[in-house]
Q: 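I'd like to ask you about the structure that follows.
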Amino acid sequence: MSIYDTLNNKQKEAVFHTEGPLLILAGAGSGKTRVLTHRIAYLIEEKNINPWNILAITFTNKAAGEMRERVDDLVGYGSESIWVSTFHSACVRILRRHIEKLGYGSNFTIYDTDDQKTLMKDVCKKLALDPKVFKERAILSAISKAKNERISAQEYRQQTAGDYGRQGIARAYVEYEKQMKLNNALDFDDLLGKTVDLLLQDPEVLQYYQNRFRYIMVDEYQDTNTVQFEMIRLLAKEHRNLCVVGDDDQSIYKFRGANIKNILDFEMVFQDACVIKLEQNYRSTKTILDAANSVIRNNRGRKEKTLWTENEEGNKICLKQFESGFDEAEFIAADIEKSRREQQDAYRDYAVLYRTNAQSRTLEERFVAESIPYKIVGGVNFYARREIKDILSYLKTIDNGQDDLAVRRIINVPKRGIGLTTVNRIQGYAEERGIGFYEAIRVADWVPGIGRGLTKVESFAALIEFFKAEANEKSIRELTEDILKQTEYLERLKEEEGEEADSRIENIQEFISKIVLYEEDCESRNEPATLSGFLEEVALVADVEEGEEERDYVVLMTLHSAKGLEFPHVYLAGMEDGLFPSYMTITEGDEEELEEERRLCYVGITRARKTLTLTCARKRMIRGEFQFNKMSRFLQEIPRELMGLKEGYGKGNGSAGKGGFGQTAFADRNFRYRELQKNPFTASKASRNFGDAGAKALDYQVGDRVKHGKFGEGTVMQMVKGGRDYEVTVDFDVAGTKKMFAAFARLEKV
DNA sequence: GTCCCGCAATTTTTT
DNA sequence: ATTGCGGGAC
């Protein structure tokens with residue numbers, strides 16, 4: 001009996017195929033992580049490969065951590081010398097060693113999205129770009145896109161020579177790169193890009209890593225972008241033992257540069273590639289899997305595969321339409337509570353998934369009202385929070401004053417009377433002399449025109465110098481606590497009062513625990529806990545790990561964050577056209593974007609193990625106003641025989657107007673999608689409010705065909721209530737999309 | 001230099 | 001609804 005006996009034939013094939021390029025198409029729930037970890041074990045124990053020669057790459061720290069753990073369990077001796085890391089941390093590791101060959105200092109700082117934005121703001125100001133035309137975010141996203149395609153600032157400028165709009169971006173790109181270099185800083189895209197530059201430029205370095213990484217494995221391969229692909233291609237060129245695992249149907253990150261071609265064209269780039277499909281699903285019921293298959297089947301650009309399972313049929317899928325998002329939330333909360341009691345499940349067996357973060361609020365309010373423990377996953381990055389960035393900036397400045405952004409961030413935080421004028425003067429002086437911002441601060445008395453600001457700046461410099469001295473003697477924790485004390489940071493926060501301030505204080509506490517954890521960790525490994533080391537670790541980590549994994553709560557998160565997870569019971573909320581698929585996707589009419597949304601739907605469905613509940617609402621509060629949506633087109637793609645009756649529900653039918661909840665949307669045997677829109681099986685108090693609100697009821701609604709006196713026939717896309725009228729968006733067959741008020745438009749239903 | 005108010009913007013997210 | 005930001009008032 002060996003560890004490989006528990007694998008199915010396809011999985012075994014993938015594990016035992018160790019030489020040459022290999023593409024594993026692993027459907028959802030087909031055990032791909034098991035295959036990867038067993039493959040590593042097999043390489044070491046059966047093929048006698050030195051663990052030193054293995055590289056396993058993932059996208060997130062979490063995935064890397066999990067894989068590391070499972071490999072450690074499986075492989076005895078030597079597992080610690082396997083590189084299991086994210087793309088970015090692998091790159092940092094390589095760059096810290098060799099980046100001097102590219103003219104950077106090896107102590108480069110890593111700029112996160114926030115830092116990029118701050119820098120870009122400066123750049124725009126410097127270039128006098130009209131902020132109405134050039135938005136920082138847009139420029140940065142253009143730059144990121146360029147970097148992902150390995151287009152340098154100079155190349156970009158040449159390409160856009162004739163194009164006024166993009167010329168501005170090109171100028172910003174050039175200046176941005178210049179500033180980054182001056183600050184000895186790299187952004188996340190650079191980490192990848194500079195690594196590729198290095199490998200291309202220095203044959204010795206390339207050879208070293210090619211020789212080192214004889215066996216390379218890449219997880220979530222469908223999410224790789226062009227640069228990542230290039231990096232892998234270079235590293236694998238010599239030994240060609242490249243194993244990539246992915247699922248084109250789960251590619252949902254095109255918007256951040258993932259190139260689906262990497263997986264679709266793998267066999268073309270690596271002509272002798274072996275392809276293995278893992279299609280047996282161990283996670284979901286037959287019903288859920290059938291639904292997932294029938295949705296994803298509608299995509300064109302994909303590798304044909306059909307998941308199957310030996311699991312039982314399971315319950316029917318439940319679909320419900322509600323009058324409003326509030327009713328939807330009410331149902332979900334109550335249904336979870338009811339189901340949990342009946343089935344003796346834990347809260348953690350339930351997940352509610354949605355398309356946009358904004359949807360979490362309504363749900364959250366309901367969960368609070370019902371006192372159901374819940375946790376919202378995602379949202380703002382822990383390390384991107386203001387208070388955390390403030391403290392980090394202090395630590396960075398103390399560690400080395402080279403990061404101008406960090407110094408500028410804290411020079412007046414907490415307020416110490418150093419204003420923009422003074423900062424600009426120092427900045428100007430620094431630029432003139434070609435020195436860093438902090439250096440200029442230390443010689444502030446040389447700065448022309450600094451005037452009364454001088455005392456304050458000098459005292460700031462003295463404070464930092466004091467901390468610097470302290471950093472040599474004290475632990476990071478003690479230093480941090482002293483920063484908080486000396487600057488009265490906490491006191492200022494406490495003065496603010498309010499929930500927000502409280503949570504900021506909590507975050508700081510949590511940050512300190514994080515430091516303690518790091519220090520203990522270093523101690524246990526007999527390494528010195530250095531400030532630089534801590535900052536390094538923090539730079540590539542998005543979130544704090546939950547120290548309270550044990551706690552029992554319902555999980556609320558976006559479909560994106562749900563990838564890679566599974567739950568016995570899943571609710572997909574907000575299954576509405578305009579929300580999911582998103583309004584942008586529908587109006588742009590880009591088939592590829594719609595397919596990405598469909599993949600997202602596929603990901604959502606396949607998270608469920610036992611039961612799946614789909615919900616949608618006819619109207620939903622979005623940005624302060626009600627938006628009317630029809631059911632998601634994806635619901636149409638699920639065969640109706642998979643949808644079933646679910647027992648009626650309600651907190652006792654006594655409470656007014658709630659009786660309608662129990663109706664299943666598919667009670668009618670002759671169900672057709674269009675009928676659902678006209679005759680939703682819903683009834684609730686909300687419909688009354690709506691009828692009385694003053695706006696005259698209209699005989700058409702979203703999805704209907706209407707006729708206009710001038711524009712001819714079209715389809716109603718959206719109806720937004722405004723004041724005493726509706727603003728109706730109609731997609732006319734000939735005239736295109738128009739927005740109009742119902743009272744004036746005199747639309748007639750066709 | 002700081003505060004406050006009005007205005008725009010607002011899919012999805014990791015590193 | 002909420003939040004961040006720029007501009008004007010103090």
Side-chain angles (χ1 to χ4, degrees), chain A residues 57-64 85-92 110-118 121 125 131-132 135-138 141 144 147-148 186-193 195 220 223-225 227-228 251-258 353-362 365 377-384 386 412 414-424 451-453 456 500 536-543 557-564 574 578-588 593 596-597 599-601 603-604 620-626:
Chain A
I57 291 196
T58 62
F59 272 83
T60 65
N61 291 302
K62 198 173 162 212
S85 84
T86 65
F87 269 105
H88 291 84
S89 49
C91 288
V92 171
I110 300 166
Y111 276 9
D112 66 16
T113 331
D114 235 51
D115 303 325
Q116 285 180 281
K117 233 171 123 183
T118 314
K121 220 182 277 173
K125 212 187 270 171
K132 289 210 174 70
K135 306 248 178 285
E136 288 121 37
R137 271 181 50 177
S141 107
S144 174
K147 284 186 176 178
N148 280 332
L186 300 183
D187 62 29
F188 288 130
D189 295 323
D190 288 336
L191 295 178
L192 304 164
T195 304
E220 304 282 11
D223 290 335
T224 50
N225 64 31
V227 186
Q228 287 160 335
S251 160
I252 54 175
Y253 285 115
K254 190 181 156 217
F255 71 91
R256 69 178 198 211
L353 312 180
Y354 37 78
R355 177 68 234 270
T356 66
N357 276 312
Q359 286 167 261
S360 69
R361 277 253 332 245
T362 318
E365 278 163 16
V377 176
V380 193
N381 222 277
F382 180 77
Y383 291 102
R386 199 209 311 162
N412 200 27
K415 299 242 154 54
R416 44 174 79 86
I418 303 174
L420 205 63
T421 330
T422 309
V423 170
N424 283 340
R452 283 185 300 147
K456 290 163 183 165
E500 211 189 325
E536 167 94 52
E537 190 171 289
V538 154
L540 289 176
V541 172
D543 232 327
M557 62 185 143
T558 63
L559 286 155
H560 282 91
S561 1
K563 196 173 73 157
L579 192 61
F580 185 36
S582 77
Y583 187 63
M584 304 263 263
T585 322
I586 301 173
T587 48
E588 308 256 315
E593 302 225 331
E596 175 135 326
E597 296 272 305
R599 289 193 290 270
L600 196 51
C601 182
V603 167
R620 185 177 293 278
M621 183 81 98
I622 289 175
R623 284 176 239 145
E625 54 186 11
F626 279 113

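Just so we're clear, the structure is a prediction, and the values are computed from it rather than from any experiment. Just so we're on the same page: letters track the sequence lines, and every chain starts at 1.
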Q: List in chain and number order the residues that pass side-chain hydrogen bond (donor to acceptor under 3.5 Å, both in side chains) with A:T558, two or more places apart in sequence or in another chain; answer none if no residue qualifies.
A: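 Here the qualifying residues are A:S561.
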
Q: Of all residues at least two apart in sequence or in a different chain, which pass the side-chain hydrogen bond (donor to acceptor under 3.5 Å, both in side chains) check with A:D189?
A: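 In terms of side-chain hydrogen bond (donor to acceptor under 3.5 Å, both in side chains), with neighbours along the sequence ignored, A:D189 is linked to A:S144.
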
Q: How does protein contact run along nucleotides 5-15 of chain B, one letter per nucleotide 5' to 3', with B for base contact, S for sugar-phosphate only, - for none, heavy atoms under 4.0 Å?
A: ----SBBBBBB

Q: Got a sec, which residues hit side-chain hydrogen bond (donor to acceptor under 3.5 Å, both in side chains) with A:E365, two or more places apart in sequence or on another chain?
A: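 Result, side-chain hydrogen bond (donor to acceptor under 3.5 Å, both in side chains) vs A:E365: A:R361.
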
Q: Just by protein heavy atoms under 4.0 Å, how would nucleotides 4-10 of chain C read 5' to 3' in B, S and -?
A: -------

Q: Can you name the ring pair (Phe, Tyr, Trp, His ring centres under 6.0 Å) partners of A:F87, sequence neighbours left out?
A: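 Ring pair (Phe, Tyr, Trp, His ring centres under 6.0 Å) check on A:F87 returns A:F59.
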
Q: Going by the rule side-chain hydrogen bond (donor to acceptor under 3.5 Å, both in side chains), which residues pair with A:Q359 if we only count those two or more places apart in sequence or in a different chain?
A: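 In terms of side-chain hydrogen bond (donor to acceptor under 3.5 Å, both in side chains), with neighbours along the sequence ignored, A:Q359 is linked to A:T356.
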
Q: A:D115: which residues meet the side-chain contact (heavy atoms from CB on, under 4.5 Å) condition with it, sequence neighbours left out?
A: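 Once residues adjacent in sequence are excluded, the partners of A:D115 under the side-chain contact (heavy atoms from CB on, under 4.5 Å) criterion are A:Y111, A:D112, A:K389, A:K396, A:L405.
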
Q: Does A:K563 have any side-chain contact (heavy atoms from CB on, under 4.5 Å) partners at least two apart in sequence or in another chain, and if so, which?
A: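 With neighbours one apart ignored, the set is A:E220, A:Q222, A:D223, A:Q250, A:I252, A:Y253, A:V603.
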
